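Bear in mind the structure is a predicted one, so any value in this text is a computation, not a measurement. Numbered from 1 within each chain, the chains take letters A, B, ... in sequence-line order.
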Amino acid sequence: SSSSSSTSSSSSVSSSSSTSSSSSSSSSSSSLKVTATKKDNFPQTHDDLFKAFEANLLQIFGLKNRPKLNEKTFVPQYMWDLYDSHKQKKDPSAPTSGRGYLPANTVRSFYHIDPHFMDCTEENASTIMFNISNMMEEEILTAADLRIFWDPKFYEYNYRGAASSSDISIDNSYDSNYNITRDNNNKNMFKKLKYFPIRIEVHEVISPPRWGSSSECITRLIDTKVIHSNSNTSTWVVFDVHPAVLKWKQTPHLNHGLHIRLSTATKNPVSVQPHQHIRLKRTADIEQNEWQNSRPLLITYTDDGKGVPLKRSRRSAR
Amino acid sequence: HRRERGKKKRRRSKKVQRHRKAGAECRRHPMYVSFNEVGWTEWIVAPVGYQAFYCDGKCPFPISDYLNSTNHAIVQTLVNSVMPDRIPEVCCVPTELSSISMLYLDEQNKVVLKNYQGMVVKACGCR
């Protein structure tokens with residue numbers, strides 16, 4: 001305000017000097033104008049004060065304007081859990097994967113969008129994209145997790161359904177420990193099938209296939225996990241996708257999404273509807289709320305250099 | 001018996017005076033900031049408000065230990081006692097602040113959890 005007042009005073013002085021003859025009158029008029037401009041800068045009414053306060057608060061939040069919400073946004077349960085853990089000052093690392101991260105004071109969540117290019121046509125695989133353009137440039141990305149929901153009940157249900165319909169054959173080329181003959185009854189088949197380890201591979205799409213051509217997807221393996229389905233509890237499988245997200249942040253036009261591939265740990269293809277137990281795509285029978293709480297979720301940890309980091313404290317040694 | 005009663009009354013009144021005097025000293029007061037009142041709960045998911053507190057009160061000499069005064073504050077108080085017209089009293093200000101975590105929606109309707117430093121007064125002092 002001081003600089004603006006000084007400029008306004010100088011301009012007022014020049015204008016007044018040109019119009020008035022006496023210097024004393026010009027100086028008095030300039031001083032009056034200065035006081036007027038200073039008063040204008042201050043909020044006059046309660047609304048002005050509120051707007052000024054809101055602008056300051058939005059600046060603290062790193063926002064330009066108050067966000068205008070078009071539709072009802074769903075807050076992922078994971079973000080609620082994370083918020084509760086910070087609120088109660090419990091261990092913030094509890095609901096996360098437990099890997100050691102650099103400090104961060106901002107956690108963002110992203111739901112996937114459909115890819116704008118032709119899907120990498122591959123059996124037992126799916127391509128998902130994340131729009132991370134709202135991440136600020138000055139923020140330092142310290143970690144990024146892809147969370148995929150694993151539902152063993154769905155897994156069992158699908159195998160049970162498949163077996164009862166008896167129209168799907170079991171591939172005998174699986175690992176010898178899990179070989180199933182057609183003579184076995186259904187119960188034995190479920191028991192053995194339930195313990196099939198499933199490998200989930202997360203690839204970064206380097207080059208997507210072009211429309212109308214038979215070119216293949218060029219991908220790069222980022223992380224992989226093997227799931228043993230011997231537990232009855234549903235769980236989130238967490239993958240470290242930091243290198244891919246860091247690349248997308250620096251060069252957004254190279255964001256072609258992630259390619260998630262499923263296979264058995266024995267390097268054989270999964271035969272019976274593998275997408276059903278890993279929630280990558282929404283099926284018709286899933287409710288909206290259930291889908292929102294089980295769809296893939298990208299979590300990014302960034303630090304803007306201000307504030308106390310939301311770091312994950314390490315477990316104390318025994 | 002009357003004398004004893006009178007003594008007790010005087011003691012009580014002195015105690016009340018002391019309490020009133022202590023109440024005027026610099027300390028933390030409650031100040032609740034409600035996001036709901038200003039219509040910010042549309043985009044601030046949680047919390048709907050928080051206890052921010054504020055500091056208010058006098059810093060009389062001698063400044064108590066719990067007021068976290070600095071050497072400079074003590075010197076200023078001394079000088080103020082000699083020249084009250086020229087040197088003002090030390091101020092009652094926050095000496096310790098804590099952060100809060102906020103869950104909000106950004107301009108692209110993405111859910112963000114952020115930690116903001118210096119949002120809650122934890123302790124007040126004379127500085």
Side-chain angles (χ1 to χ4, degrees), chain A residues 50-51 53-54 57-58 60-89 92 103-111 130-136 139 292 297-311, chain B residues 27-56 66 68 70 88 91-125 127:
Chain A
F50 180 76
K51 279 177 186 171
F53 179 69
E54 189 181 35
L57 195 85
L58 289 170
I60 294 169
F61 284 176
L63 301 168
K64 289 171 187 171
N65 298 309
R66 187 197 283 209
K68 289 173 185 172
L69 306 178
N70 300 324
E71 57 196 32
K72 196 181 176 184
T73 309
F74 188 87
V75 180
Q77 187 57 43
Y78 177 74
M79 294 300 277
W80 278 115
D81 293 344
L82 211 57
Y83 170 74
D84 287 339
S85 69
H86 288 137
K87 193 180 166 188
Q88 293 163 10
K89 294 186 178 176
N105 67 350
T106 310
V107 184
R108 291 174 201 274
S109 65
F110 301 89
Y111 280 133
F130 295 95
N131 179 13
I132 59 159
S133 59
N134 65 328
M135 217 184 286
M136 291 175 195
E139 288 182 358
Q292 295 287 8
L297 190 69
L298 178 70
I299 302 288
T300 61
Y301 296 82
T302 54
D303 193 82
D304 58 1
K306 305 168 192 170
V308 178
L310 298 174
K311 65 183 174 186
Chain B
R27 67 180 182 89
R28 196 174 74 156
H29 300 270
M31 179 181 75
Y32 187 77
V33 179
S34 171
F35 298 133
N36 196 22
E37 290 290 323
V38 287
W40 289 350
T41 44
E42 286 175 6
W43 59 282
I44 297 177
V45 180
V48 290
Y50 77 104
Q51 194 66 258
F53 298 104
Y54 73 94
C55 297
D56 190 36
Y66 69 86
N68 301 314
T70 55
C91 297
C92 175
V93 290
T95 51
E96 203 181 334
L97 294 156
S98 65
S99 59
I100 59 162
S101 290
M102 289 178 72
L103 196 64
Y104 67 92
L105 304 169
D106 69 359
E107 287 150 331
Q108 290 184 16
N109 288 6
K110 299 273 164 55
V111 182
V112 182
L113 174 69
K114 199 162 183 172
N115 190 285
Y116 293 97
Q117 205 176 20
M119 297 288 277
V120 179
V121 176
K122 280 192 86 178
C124 297
R127 296 286 165 93

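- Both the backbone and the side chain of Ser133(A) come within contact range of chain B, each with at least one heavy atom under 4.5 Å from a heavy atom of that chain.
- Interface remark: Phe74(A) contributes backbone atoms only to the contact with chain B (heavy atom separation under 4.5 Å).
- Taking every heavy atom of both residues into account, Ile299(A) and Tyr78(A) meet most closely at CD1-CD2, 3.5 Å.
- Less than 2.5 Å separates the SG atom of Cys124(B) from that of Cys55(B).
- With a threshold of 4.5 angstrom between heavy atoms, Leu297(A) does not approach chain B through any atom at all.
- Within 6.0 Å of CD in Glu37(B) there are 12 or fewer heavy atoms belonging to other residues, nucleotides or ligands.
- Contacts of Leu97(B) with chain A are absent, with no heavy-atom separation under 4.5 Å from either backbone or side chain.
- Counting non-hydrogen atoms of other residues, nucleotides and ligands closer than 6.0 Å to CD of Glu42(B) gives a total of 12 or fewer.
- Contacts between Gln108(B) and chain A at a heavy-atom distance below 4.5 Å involve the side chain alone, from C-beta outward.
- Residues Asp56(B) and His29(B) come closest through the heavy atom pair O-NE2, 3.2 Å.
- Chosen from Leu105(B), Val111(B), Val112(B), the residue pairing most often with chain A at heavy-atom distances under 4.5 Å is Val111(B).
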